[in-house]
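Structure first, then comments.
Numbering starts at 1 and runs along the sequence shown.
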Amino acid sequence: MKTVIAGALSALLLSATVTAQAQVSPEDQIELRKAGFSYMAWNMGKLKAQVIEGSVEYNQEQVEAAANTIAAIANSGIGALFGPGTEKDVGHQRTRVDPALFDNMPDVAQLAGNMGTAANALAAEAKTGDKDAIRVAFGEVGKTCKACHDKYRLD
(Lines give C-alpha, C1' and ligand atoms only; values in the text may rest on other atoms or scores of the structure.)
Protein backbone atom coordinates (compact mmCIF):
# COMPACT_ATOMS: atom_id res chain seq x y z
CA MET A 1 0.00 0.00 0.00
CA LYS A 2 2.84 2.39 0.86
CA THR A 3 4.35 1.75 -2.56
CA VAL A 4 1.05 2.60 -4.26
CA ILE A 5 0.73 5.80 -2.23
CA ALA A 6 4.35 6.77 -2.88
CA GLY A 7 3.83 6.09 -6.59
CA ALA A 8 0.69 8.20 -6.67
CA LEU A 9 2.42 11.02 -4.81
CA SER A 10 5.36 10.80 -7.17
CA ALA A 11 3.05 11.03 -10.19
CA LEU A 12 1.28 14.01 -8.65
CA LEU A 13 4.58 15.70 -7.91
CA LEU A 14 5.78 15.07 -11.45
CA SER A 15 2.60 16.42 -13.05
CA ALA A 16 2.68 19.46 -10.77
CA THR A 17 6.32 19.97 -11.67
CA VAL A 18 5.56 19.97 -15.38
CA THR A 19 2.77 22.50 -14.79
CA ALA A 20 5.03 24.76 -12.69
CA GLN A 21 7.82 24.51 -15.22
CA ALA A 22 5.52 25.74 -17.97
CA GLN A 23 4.36 28.69 -15.88
CA VAL A 24 7.29 29.74 -13.70
CA SER A 25 10.96 30.18 -14.61
CA PRO A 26 13.54 28.12 -12.70
CA GLU A 27 14.83 31.30 -11.02
CA ASP A 28 11.33 32.18 -9.84
CA GLN A 29 10.68 28.59 -8.71
CA ILE A 30 13.72 28.78 -6.42
CA GLU A 31 12.65 32.18 -5.09
CA LEU A 32 9.09 31.02 -4.43
CA ARG A 33 10.03 27.77 -2.71
CA LYS A 34 12.56 29.57 -0.51
CA ALA A 35 9.87 32.08 0.44
CA GLY A 36 7.39 29.30 1.23
CA PHE A 37 9.83 27.38 3.40
CA SER A 38 10.94 30.59 5.13
CA TYR A 39 7.34 31.47 5.92
CA MET A 40 6.81 27.96 7.24
CA ALA A 41 9.92 28.28 9.42
CA TRP A 42 8.74 31.64 10.76
CA ASN A 43 5.45 30.05 11.80
CA MET A 44 7.29 27.11 13.38
CA GLY A 45 9.24 29.72 15.37
CA LYS A 46 6.01 31.30 16.60
CA LEU A 47 4.78 27.91 17.79
CA LYS A 48 8.12 27.11 19.38
CA ALA A 49 8.11 30.38 21.32
CA GLN A 50 4.58 29.89 22.61
CA VAL A 51 4.27 26.15 23.11
CA ILE A 52 7.79 24.77 23.52
CA GLU A 53 9.87 27.49 25.16
CA GLY A 54 7.14 29.60 26.70
CA SER A 55 9.19 32.70 25.88
CA VAL A 56 6.04 34.30 24.42
CA GLU A 57 2.65 34.18 26.12
CA TYR A 58 0.41 31.46 24.73
CA ASN A 59 -2.27 32.80 22.40
CA GLN A 60 -4.72 30.21 21.07
CA GLU A 61 -5.62 32.19 17.95
CA GLN A 62 -1.97 32.70 17.02
CA VAL A 63 -1.14 29.03 17.64
CA GLU A 64 -4.02 27.91 15.43
CA ALA A 65 -3.11 30.42 12.72
CA ALA A 66 0.54 29.32 12.71
CA ALA A 67 -0.36 25.62 12.61
CA ASN A 68 -2.90 26.19 9.83
CA THR A 69 -0.31 28.14 7.84
CA ILE A 70 2.22 25.34 8.18
CA ALA A 71 -0.38 22.80 7.03
CA ALA A 72 -1.41 25.02 4.12
CA ILE A 73 2.17 25.35 2.88
CA ALA A 74 2.89 21.65 3.39
CA ASN A 75 -0.18 20.78 1.33
CA SER A 76 0.16 23.56 -1.25
CA GLY A 77 1.96 21.62 -3.94
CA ILE A 78 5.23 23.40 -3.14
CA GLY A 79 7.02 20.36 -4.56
CA ALA A 80 6.11 21.67 -8.01
CA LEU A 81 8.74 24.36 -7.43
CA PHE A 82 11.51 21.75 -7.71
CA GLY A 83 11.31 21.71 -11.49
CA PRO A 84 14.07 21.06 -14.01
CA GLY A 85 16.85 23.61 -13.83
CA THR A 86 16.28 24.36 -10.13
CA GLU A 87 18.90 21.90 -8.90
CA LYS A 88 21.53 24.62 -9.22
CA ASP A 89 21.85 28.35 -8.63
CA VAL A 90 19.98 30.37 -11.26
CA GLY A 91 20.43 34.09 -11.82
CA HIS A 92 20.29 35.82 -8.44
CA GLN A 93 18.74 32.82 -6.70
CA ARG A 94 20.92 30.47 -4.70
CA THR A 95 19.71 27.03 -3.72
CA ARG A 96 20.84 24.57 -1.10
CA VAL A 97 19.01 21.63 -2.67
CA ASP A 98 21.14 18.54 -3.23
CA PRO A 99 20.84 17.59 -6.92
CA ALA A 100 20.25 14.01 -5.70
CA LEU A 101 16.70 15.10 -4.84
CA PHE A 102 15.85 15.20 -8.55
CA ASP A 103 16.91 11.57 -8.99
CA ASN A 104 14.79 10.36 -6.07
CA MET A 105 11.30 11.75 -6.66
CA PRO A 106 9.46 8.73 -5.18
CA ASP A 107 11.40 9.21 -1.94
CA VAL A 108 10.82 12.96 -2.04
CA ALA A 109 7.10 12.38 -2.59
CA GLN A 110 7.04 10.09 0.46
CA LEU A 111 8.86 12.69 2.57
CA ALA A 112 6.47 15.40 1.35
CA GLY A 113 3.50 13.19 2.18
CA ASN A 114 4.88 12.65 5.66
CA MET A 115 5.22 16.41 6.07
CA GLY A 116 1.63 16.98 4.98
CA THR A 117 0.33 14.32 7.35
CA ALA A 118 2.31 15.71 10.28
CA ALA A 119 1.32 19.29 9.49
CA ASN A 120 -2.35 18.33 9.29
CA ALA A 121 -2.07 16.61 12.67
CA LEU A 122 -0.44 19.73 14.11
CA ALA A 123 -3.29 21.90 12.81
CA ALA A 124 -5.84 19.52 14.32
CA GLU A 125 -4.08 19.52 17.70
CA ALA A 126 -3.73 23.31 17.65
CA LYS A 127 -7.53 23.57 17.51
CA THR A 128 -7.82 21.63 20.77
CA GLY A 129 -5.57 23.98 22.74
CA ASP A 130 -3.94 20.97 24.42
CA LYS A 131 -0.36 22.20 24.75
CA ASP A 132 1.06 18.74 25.42
CA ALA A 133 -0.54 17.35 22.26
CA ILE A 134 0.58 20.40 20.29
CA ARG A 135 4.16 19.88 21.52
CA VAL A 136 4.13 16.28 20.31
CA ALA A 137 2.64 17.23 16.94
CA PHE A 138 5.13 20.10 16.59
CA GLY A 139 7.96 17.62 17.18
CA GLU A 140 6.60 15.35 14.46
CA VAL A 141 6.54 18.20 11.96
CA GLY A 142 10.12 19.03 12.92
CA LYS A 143 11.13 15.42 12.30
CA THR A 144 9.68 15.55 8.78
CA CYS A 145 11.60 18.75 8.05
CA LYS A 146 14.81 17.18 9.34
CA ALA A 147 14.28 13.97 7.36
CA CYS A 148 14.23 15.88 4.09
CA HIS A 149 17.01 18.29 5.08
CA ASP A 150 19.27 15.40 6.11
CA LYS A 151 18.89 13.75 2.71
CA TYR A 152 18.44 16.59 0.25
CA ARG A 153 19.72 19.88 1.66
CA LEU A 154 23.29 21.02 1.21
CA ASP A 155 24.97 22.95 4.00
Side-chain angles (χ1 to χ4, degrees), residues 1-2 4-83 86 93-98 101 104-153:
M1 184 63 157
K2 280 186 173 181
V4 172
I5 293 170
L9 287 171
S10 182
L12 262 171
L13 182 63
L14 181 60
S15 68
T17 299
V18 170
T19 301
Q21 176 189 2
Q23 299 173 356
V24 182
S25 72
E27 184 174 9
D28 288 345
Q29 287 181 53
I30 294 169
E31 180 180 20
L32 289 167
R33 74 181 184 220
K34 286 169 44 179
F37 288 127
S38 292
Y39 194 56
M40 184 184 285
W42 181 64
N43 280 278
M44 288 289 284
K46 291 193 303 186
L47 288 175
K48 184 178 179 183
Q50 291 185 43
V51 181
I52 307 300
E53 300 169 341
S55 60
V56 173
E57 185 178 340
Y58 182 87
N59 178 302
Q60 179 63 30
E61 287 181 12
Q62 290 177 4
V63 167
E64 281 187 61
N68 288 336
T69 299
I70 292 163
I73 295 168
N75 293 290
S76 70
I78 197 166
L81 298 173
F82 288 87
T86 68
Q93 291 301 318
R94 304 290 168 248
T95 183
R96 292 187 287 174
V97 68
D98 185 332
L101 175 142
N104 294 292
M105 285 303 184
D107 184 46
V108 173
Q110 180 67 47
L111 292 169
N114 294 346
M115 160 76 80
T117 298
N120 292 341
L122 175 61
E125 293 300 348
K127 287 180 184 174
T128 71
D130 180 343
K131 290 182 190 177
D132 290 332
I134 296 168
R135 282 183 196 103
V136 171
F138 176 88
E140 291 303 311
V141 171
K143 287 179 189 175
T144 67
C145 295
K146 184 175 178 359
C148 194
H149 289 186
D150 286 352
K151 283 186 167 184
Y152 300 115
R153 186 175 179 187

* Is there a side-chain contact (heavy atoms from CB on, under 4.5 Å) between Leu47 and Ile70 once you walk through the steps? -> CA-CA 10 Å; Leu47 288 175; Ile70 292 163; 3.7 Å; yes
* To do: Begin from the C-alpha positions of Ile73 and Tyr39 and carry the test side-chain contact (heavy atoms from CB on, under 4.5 Å) through to its verdict.
  => CA-CA 9 Å; Ile73 295 168; Tyr39 194 56; 3.6 Å; yes
* What's the verdict on side-chain contact (heavy atoms from CB on, under 4.5 Å) for Trp42 and Thr69, showing C-alpha distance, side-chain angles and the deciding distance? -> CA-CA 10 Å; Trp42 181 64; Thr69 299; over 6 Å; no
* Worked check of side-chain contact (heavy atoms from CB on, under 4.5 Å) between Val108 and Phe82 -> CA-CA 10 Å; Val108 173; Phe82 288 87; over 6 Å; no
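Annotation: side-chain contact (heavy atoms from CB on, under 4.5 Å) contacts of Glu53 (sequence neighbours excluded): Lys48, Ala49, Ser55. In this structure, the side-chain contact (heavy atoms from CB on, under 4.5 Å) partners of Ala71, at least two apart in sequence or on a different chain, are Asn75, Ala119, Asn120, Ala123. With sequence neighbours excluded, the residues forming a side chain to side chain donor-acceptor pair (under 3.5 Å) with Tyr58 are Gln60, listed by chain and number. In this structure Lys151 satisfies the side-chain contact (heavy atoms from CB on, under 4.5 Å) test together with Asp107, Leu111, sequence neighbours excluded.
Taking every heavy atom of both residues into account, Cys145 and Met115 meet most closely at SG-CE, 3.4 Å. The two residues Ala67 and Ala126 come nearest to each other via the heavy atoms CB-CB, 3.6 Å. Of all heavy-atom pairs between Val63 and Gln50, the closest is CG2-OE1, 3.3 Å.
At distances below 3.5 Å, not a single donor-acceptor pair connects side-chain atoms of Ser38 with backbone N or O atoms of Ala35. Between the side chain of Gln93 and the backbone N or O of Ile30, no donor-acceptor pair lies under 3.5 Å.
Applying the salt bridge (charged side-chain N to carboxylate O under 4.0 Å, His left out) test to residues at least two apart or on different chains, the pairs with a partner in residues 113-132 are Asp132-Arg135. Identified under the salt bridge (charged side-chain N to carboxylate O under 4.0 Å, His left out) test for residues 26-47, with sequence neighbours left out: none.
Here the straight-line distance linking atom CG of Leu101 with atom SG of Cys148 works out to 6.0 Å at 0.5 Å rounding. Taking CD1 from Ile78 and CG from Leu32, the interatomic distance works out to 8.5 Å, rounded to the nearest 0.5 Å.
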